[in-house]
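Before any comments, here is the structure.
In what follows, chains are A, B, ... by sequence order, proteins preceding strands, each numbered from 1. Bear in mind the structure is a predicted one, so any value in this text is a computation, not a measurement.
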Amino acid sequence: MRRLGRRFYERNTLEVAPQLLGKLLVRRVDGWELVGRIVEVEAYRGRDDPASHASRGMTPRNQVMFREGGLAYVYFTYGNHYLFNVTTEPRGRPGAVLVRALEPIAGVEYMMRNRGTRDPRLLTSGPGRLTKALKIDKRLNGIDLTTSNELFIADDGYVVERVARSPRIGVSGGTRRKWRFYVEGNPYVSR
DNA sequence: ACTCCGATTGGCT
DNA sequence: GCCAATCGGAGTA
């Protein structure tokens, strides 16, 4: 099990995103080690990507997107949910990958407690669901995933058979092209 | 100061 | 399938 380093994250966002599939997201909190395998992600680039928070330059919220790759970018949305992203690209160039779904691997009992459900399908299959299951909130915004022991991503050698891509169009609020990648056939992919 | 609205979810029809 | 909840960020003035 090898933790991903700076080299992994500081590359083209569209290259990093699909390669995060199959990796393990590890969260240590309250004496628990919560682990989930990443099965769905979405890439967000800079000015050229109208769907990205960074499309209109740097603001207080999105500033971490402009920092080095390998940091946690966590923000609050819809008045209810925290969404977790990992930053990409070298310092100065904005980029991030939203983690949209996990396959629960370890610490499932605690995830169930955090989510208020025992249905494994509803535990971490959604960007707002997985942050609640893993107790990820804005306190973790900006932390370095390459050195933190509370939150990091590791490679256990698992190889994803088939990666699917859905440049989704027609999201609420307008027509937008999305760079969504997911593990084909995995039951924990959101929908 | 004010308005608009979203990288969502869960509940109800 | 439809829609309310809920609130901070971002844009406009």
Could you give the distance from CZ (A:Phe76) to CG (A:Asp137), rounded to the nearest 0.5 Å? 10.0 Å
Could you check whether A:Arg118 pairs with A:Glu109 (Lys NZ or Arg NE/NH1/NH2 to Asp/Glu carboxylate O, under 4.0 Å)? yes
Before we go on, tell me: are the rings of A:Tyr75 and A:Tyr73 under 6.0 Å apart, centre to centre? yes
Round to a whole Å and report the spacing from CG of A:Leu83 to C1' of B:dT9. 11 Å
Distances under 3.5 Å between protein N/O atoms and the N/O atoms of nucleotides 9-13 of chain C, please, pair by pair.
{"unit_1": "C:dG9", "atom_1": "O3'", "unit_2": "A:Arg61", "atom_2": "NE", "d": "3.1"}
{"unit_1": "C:dA10", "atom_1": "OP1", "unit_2": "A:Thr59", "atom_2": "OG1", "d": "2.4"}
{"unit_1": "C:dA10", "atom_1": "OP1", "unit_2": "A:Arg61", "atom_2": "NE", "d": "3.3"}
{"unit_1": "C:dA10", "atom_1": "OP2", "unit_2": "A:Thr59", "atom_2": "OG1", "d": "3.2"}

Are there more than 12 heavy atoms of other residues, nucleotides or ligands under 6.0 Å from atom CZ of A:Arg139? no
Does A:Arg37 make a cation-pi contact with A:Tyr158 (under 6.0 Å, within 45 degrees of the axis)? yes
With a cut-off of less than 4.0 Å, is there a side-chain N or O of A:Arg45 near OP1 or OP2 of B:dA7? no
Expressed in whole Å, how much space separates the P atoms belonging to B:dC2 and C:dT6? 22 Å
In whole angstroms, the gap separating C1' of B:dA7 from CD1 of A:Ile38 amounts to 16 Å
Pairing nucleotide - B:dC5, Watson-Crick or G-U, each distance under 3.5 Å: C:dG8
Can you tell me how far P of B:dT9 sits from CG of A:Leu123, to the nearest Å? 13 Å
Expected rows: protein N/O vs nucleotides 2-5 of chain C N/O, under 3.5 Å:
none

Has the side chain of A:Ser148 got a donor or acceptor atom that lies under 3.5 Å from a matching backbone atom of A:Asp144? no
Just the rounded figure in Å: distance from C1' of B:dA7 to CD of A:Glu42. 6 Å
Determine whether the side chains of A:Tyr110 and A:Asp30 contain a donor N or O and an acceptor N or O closer than 3.5 Å. yes
NZ/NE/NH1/NH2 to OD/OE distance under 4.0 Å, A:Arg28 and A:Glu150: no
When rounded to whole Å, the OH to P distance for the pair A:Tyr82 and C:dG8 reads 9 Å
Testing A:Asp119, A:Leu123, A:Thr117 for side-chain contact (heavy atoms from CB on, under 4.5 Å) with A:Met112, which one passes? A:Leu123
Checking base pairs now: Watson-Crick or wobble, both atom distances under 3.5 Å. What partners B:dC12? C:dG1
Using only side-chain N and O atoms of A:Arg100, determine if any of them is under 4.0 Å from OP1 or OP2 of B:dT8. yes
Figure out the CG/C1' separation between A:Asn114 and B:dT9, and round it to whole Å. 17 Å
